[in-house]
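The block underneath contains the structure these notes are about, expressed in structure tokens.
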Amino acid sequence: MLVNYRSDYEKIAMGLLSFVPELKPLARLQQEMQWHLKSESRPVYLWRDEDDHFIGIGCCEVGEDYVLIRRLSFTPTNRTGRDIFGLLSAISDKYPGKRLMGTLETQPIVTNWRRMQYGQ
């Protein structure tokens, strides 16, 4: 289930993002979070599993006709296509009419999701 980031989820969000190798240094991780939180066009979403545990995070940038998936991170035991594709589908559903896109790092995942979703 897609959950909007709230300040009381800060430790959870930072913990999930700390799985991204380049965000391991605390200062870099804090900088990334602050960058997203400074603008409403850069939402952060958490992903809950069926047991109500937070298992993933998606950091986005919303444009006029696109949603750029900047960061995706999941707990090591939840890095399955089902969980990742579920998060991407929920973000896509939240922004109907906008195309999901990825960065150099996230585009392969977005492309695989799109193939599963639309057969493209």
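Owing to the predicted nature of the structure, the values given are computational and were not obtained by experimental measurement.
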ILVMFWY network linking [X] to [Y], side-chain heavy atoms under 4.5 angstrom:
| X | Y | result |
| --- | --- | --- |
| L46 | M1 | yes |
| V3 | I91 | no |
| F85 | V67 | yes |
| L29 | Y5 | yes |
| V44 | V20 | yes |

Under the salt bridge (charged side-chain N to carboxylate O under 4.0 Å, His left out) definition, can you give me all pairs with a residue in [range], not counting sequence neighbours?
| range | value |
| --- | --- |
| residues 86-97 | none |
| residues 57-76 | E22-R71, E32-R71, E61-R70, R71-E105 |
| residues 74-83 | E50-R82 |
| residues 33-49 | R48-D52 |

Side chain to side chain contact (heavy atoms under 4.5 Å, CB included), that's the test. Do Q30 and E10 meet it? Break it down for me.
CA-CA 10 Å; Q30 290 171 328; E10 181 179 26; over 6 Å; no
Please report the interatomic distance [atom1]([X]) to [atom2]([Y]), rounded to the nearest 0.5 Å.
| X | Y | atom1 | atom2 | result |
| --- | --- | --- | --- | --- |
| I12 | I57 | CD1 | CD1 | 9.5 Å |
| C59 | M33 | SG | CE | 6.5 Å |
| L23 | S73 | CG | OG | 8.5 Å |
| L68 | T106 | CG | OG1 | 6.0 Å |
| W47 | H53 | CH2 | NE2 | 15.5 Å |
| M116 | I84 | CE | CD1 | 12.5 Å |

Note, Y95 side chain near P43 side chain (heavy atom, < 4.5 Å):
yes
Identify the two heavy atoms, one from M14 and one from L26, that lie closest to each other, and give their separation to 0.1 Å.
CE-CD1, 3.9 Å
Smallest heavy-atom separation, L72 atom then G58 atom, equals CD2-CA, 4.1 Å
What residues, two or more places apart in sequence or in another chain, satisfy side chain to side chain contact (heavy atoms under 4.5 Å, CB included) together with T75?
L16, F19, I55, T77, N78
For M101 and I69, run side chain to side chain contact (heavy atoms under 4.5 Å, CB included): C-alpha distance rounded to whole Å, both residues' side-chain angles, the deciding distance at 0.1 Å, then the answer.
CA-CA 6 Å; M101 300 172 60; I69 307 298; over 6 Å; no
Give a yes or no answer on whether the side chain of K98 reaches the backbone of G63 with a donor-acceptor pair at less than 3.5 Å.
yes
Assess, by modelled atom type and distance only, whether the side chains of S92 and S89 contain a donor and an acceptor separated by less than 3.5 Å.
no
Can you name the residues that form a ring-ring contact (aromatic ring centres under 6.0 Å, His included) with F54, not counting sequence neighbours?
Y9
